[in-house]
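As the structure is a computational prediction, the values presented were derived from the model and not from experiment. Side chains are part of it too, since the values below use all heavy atoms of this structure and drop only hydrogens, waters and symmetry mates.
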Amino acid sequence: MAGIGFNIVRAENIIIRNLRIHHVRANLGAPGDGISMEGPVRNIWIDHNEIYNSLTVADPSLTEDQVKDYYDGLVDAKGDAQFITISFNKLHHSWKTSLVGSSDSDNYDRTITYHHNHWYNVNSRLPLFRFGKGHIYNNFYDGAIESGINSRMGAVIRIEHNHFANMKNPVMSMYSQEPGFWQLIDNIFDDITWQESPDDGVVAGEAAESTGELTPPYDYSASLLPVHNVKATVLAYAGTGKIDTPPSPGLCASPEPAEPEPTEPEPVPIDPVEPPANVDWNSYDGSLQPFADNALTLADGSLSKFEPQQSGGADEPNLFSANGDGTIRFDSTANSADRSRAKLSAVAPDDGIYPKYFTLLMGVTGNSGGNRILETEVALGDANAVAASRLKIILRNDGNNSGIQLENANNGSSVTAGKGNEPDALDMSAYRIYHFTVALSSPTTGNVAIYTDGNNTPLLQLEGVTMRPASNGSDNYLQIGDAGGSSYLGDIDWVVWSNAGAYTPDMLKGLLPAGIGNISGYEAQP
């Protein structure tokens, strides 16, 4: 349907399926949407379509606002629209993607479910939802210029098992007279920029929490995927020409899973119980900028360096600078939106064998200005793997949220040790040695522990948890810096790591590399 959309008015029991609808012009005496539903409408199913416009117009005389208004929405619902399902669609290249409720006075108890859709290369409204109730689950969002889900005017949206990637403000309530609400359940936030706008509303933010609750009145358990499977499933099944393949609802049941191949013995994490005689460390001693030649000493004795990471193909700024005393300052306070990351690939065995281990220690000094300190990420994937784990660590010194945060490491939930408003709060402004261990029994499951300053009692210990999935199963790297969206300021004295074991502090007394800097608490035992 090139340039032609559908307008559903005073109708019920309508299915729009397996169509490509695109470049529907606005302001030509018609609604101007790919699909427009204007109530009263009931029981509408929009399934396995591809709907798109363009973010650009080949007319240099148009202003930016005129370009944005050249096309209208892809799928919009206005007035009394109820029992709408929007599933397995590709929705892309649009300024105003999906509108639910035409204005702050369009007050109806709309009920709309979005599931297994692929939203990409869009600007906003994913959807913009006023009043009523929404259920958004198992969608893959990949790239949004301005914002994602915008809940407004008392709307309550259950946002469940979605994968948000490479976008700004995926969940928010802005630009209306009254806020809307959301319930967040086990979502992935991957490479996200959060930007507050206090005068216009609120965004969910890094420590996103639910502000409402919604229980859908139907059983959808059979189609609810684990969040780490969402990206691959949506990419495989969303769009046209795929309506006869599972897991398309209403056509055929998903096939029974194949019986797993038996393994003898079944792999389980076996954390080391005896201290090693020595450890072949990989180390960064902070004497050179991380991108400088020979900044790293690897376990085999060779020299290497971190590589600068990129954002959307663009070079990131270098926000690392030498202090002149053998430490490196990381400072993103000049522009909190900057992303600056130092990355080293292939830090763990790429062999598909489990258990798999990783031990990471960092000597870091925080700040006294209430800024975050440093973000560190370890991904432990294998070539050709379907899924992999990563440990995302955020050292924070921002009031009640300060502490050591592991993002989505505890079966999809974030957890913070030494939090600022708790009795065991850590002084995050001081120099401290942060010690992390990972023991994986499978690509996505294992044990995690946090220690500080050589104390053998874990500050936090997670056992048998599903960790945060990596973006790709083959991701295998160590990365330090800042993924953007907040101001970071800290001094790095040294960083060391090993994939030979998950070692406790007592096992490492006297075994850290010589001359790396302040190792207080890890000196040789008498």
Side-chain angles (χ1 to χ4, degrees), residues 120-121 123 141-148 163-170 188-196 203 205-206 282 284 286-296 304-323 327-347 360 362 364 366-367 369 371-379 381 390-398 405 407-408 468 470-472 474-495 497:
Y120 61 99
N121 290 339
N123 182 69
Y141 294 82
D142 188 13
I145 299 170
E146 288 297 328
S147 61
H163 188 150
F164 300 92
N166 310 307
M167 61 185 296
K168 177 181 174 182
N169 288 353
I188 291 176
F189 295 101
D190 177 19
D191 202 6
I192 298 301
T193 298
W194 298 99
Q195 183 171 325
E196 295 280 356
V203 302
E206 290 273 3
N282 304 273
Y284 171 58
S287 59
L288 297 173
Q289 284 202 18
F291 308 124
D293 291 340
N294 304 328
L296 303 180
S304 186
K305 63 178 179 178
F306 286 106
E307 296 295 334
Q309 182 59 290
Q310 293 184 323
S311 296
D315 290 339
E316 297 180 345
N318 178 10
L319 301 181
F320 298 86
S321 60
N323 288 323
T327 67
I328 294 292
R329 173 152 296 178
F330 182 82
D331 186 354
S332 66
T333 57
N335 183 356
S336 63
D338 276 343
R339 295 172 176 163
S340 181
R341 294 164 290 181
K343 181 177 181 180
L344 181 70
S345 298
V347 296
L360 169 70
M362 303 187 293
V364 177
N367 63 79
N371 294 298
R372 297 186 181 192
I373 302 165
L374 189 69
E375 183 176 292
T376 303
E377 189 169 291
V378 181
R390 58 174 161 161
L391 185 67
K392 186 173 182 178
I393 305 158
I394 305 175
L395 304 182
R396 309 178 61 151
N397 193 32
D398 44 348
Q405 181 180 23
E407 193 170 287
N408 300 113
R468 180 187 178 108
S471 297
N472 299 289
S474 59
D475 285 351
N476 190 315
Y477 59 78
L478 169 67
Q479 180 175 278
I480 60 175
D482 168 17
S486 297
S487 293
Y488 284 75
L489 178 62
D491 291 332
I492 305 167
D493 189 4
W494 50 267
V495 182
W497 64 96

Q: Just jot down the side-chain contact (heavy atoms from CB on, under 4.5 Å) partners of N472, sequence neighbours excluded, or say none.
A: K231, S474, D475

Q. Which residues pass the side-chain contact (heavy atoms from CB on, under 4.5 Å) test with D190, sequence neighbours left out?
A. H163, A165, I188, R390, R468, S471

Q. Is there a donor-acceptor pair under 3.5 Å between the side chain of D293 and the backbone N or O of S304?
A. no

Q.
The test is side chain to side chain contact (heavy atoms under 4.5 Å, CB included); show your working for E407 and I394 and say whether it passes.
A. CA-CA 8 Å; E407 193 170 287; I394 305 175; 3.5 Å; yes

Determine all donor-acceptor pairs shorter than 3.5 Å in which one atom belongs to a side chain in residues 481-489; sequence neighbours excluded.
| residue | atom | partner | partner atom | Å |
| --- | --- | --- | --- | --- |
| D482 | OD1 | G484 | N | 2.7 |
| D482 | OD2 | S332 | OG | 3.0 |
| Y488 | OH | R372 | NH1 | 3.4 |
| Y488 | OH | E375 | OE1 | 3.2 |

(Q) Classify the ring geometry of F189 against F164: parallel below 30°, tilted from 30° to 60°, perpendicular beyond 60°. (A) parallel

**Q.** For A144, all residues meeting side-chain contact (heavy atoms from CB on, under 4.5 Å), sequence neighbours excluded
**A.** V122, L126, M167

Q | Distance in Å, Q309 CD paired with L344 CG, rounded so as to fall on 0.5 Å steps | A | 12.0 Å

Q.
Any salt bridge linking R329 with D331? Criterion: basic side-chain nitrogen under 4.0 Å from a carboxylate oxygen.
A. no

**Q.** Test item: Q479 and V378 side chains (from C-beta on) under 4.5 Å apart, heavy atoms
**A.** no

Q.
If you compare all heavy atoms of N166 against all heavy atoms of I192, which two are closest, and at what distance to 0.1 Å?
A. N-CD1, 4.3 Å

Q | Close side-chain approach of L360 and I393, heavy atoms under 4.5 Å | A | yes

Q) Between N323 and I328, what is the shortest heavy-atom contact and its length? A) ND2-C, 3.8 Å

Q) Should the pair K305 and F291 be classed as cation-pi, given the thresholds of under 6.0 Å to the six-membered ring centre and 45° from the axis? A) no

Q) Tell me, do T333 and N371 make a side-chain contact under 4.5 Å, heavy atoms counted? A) yes

Q. With a 4.5 Å heavy-atom cut-off, do P170 and W194 have their side chains touching?
A. yes

Q. Would you say V347 and N476 make side-chain contact, with heavy atoms under 4.5 Å?
A. yes

**Q.** Test ring pair (Phe, Tyr, Trp, His ring centres under 6.0 Å) applied to Y120 - qualifying residues, sequence neighbours left out
**A.** H92, H118

(Q) Using the side-chain contact (heavy atoms from CB on, under 4.5 Å) criterion, which residues pair with Q195? Sequence neighbours excluded. (A) K168, N169

Q: Run the numbers on L374 and I492 for side chain to side chain contact (heavy atoms under 4.5 Å, CB included), then give the verdict.
A: CA-CA 9 Å; L374 189 69; I492 305 167; 4.1 Å; yes

Q. Can you find a heavy atom in the side chain of V364 that is under 4.5 Å from one in the side chain of D493?
A. no

Q) Heavy-atom distance under 4.5 Å between the side chains of I373 and N367, does that happen here? A) yes

Q: Please check if the distance between the ring centroids of F306 and F320 is under 6.0 Å.
A: no

Q. Got a second to check how far Q405's CD is from R396's CZ, nearest 0.5 Å?
A. 4.5 Å

Q. Are the side chain of S340 and the backbone N or O of L319 linked by a donor-acceptor pair below 3.5 Å?
A. yes

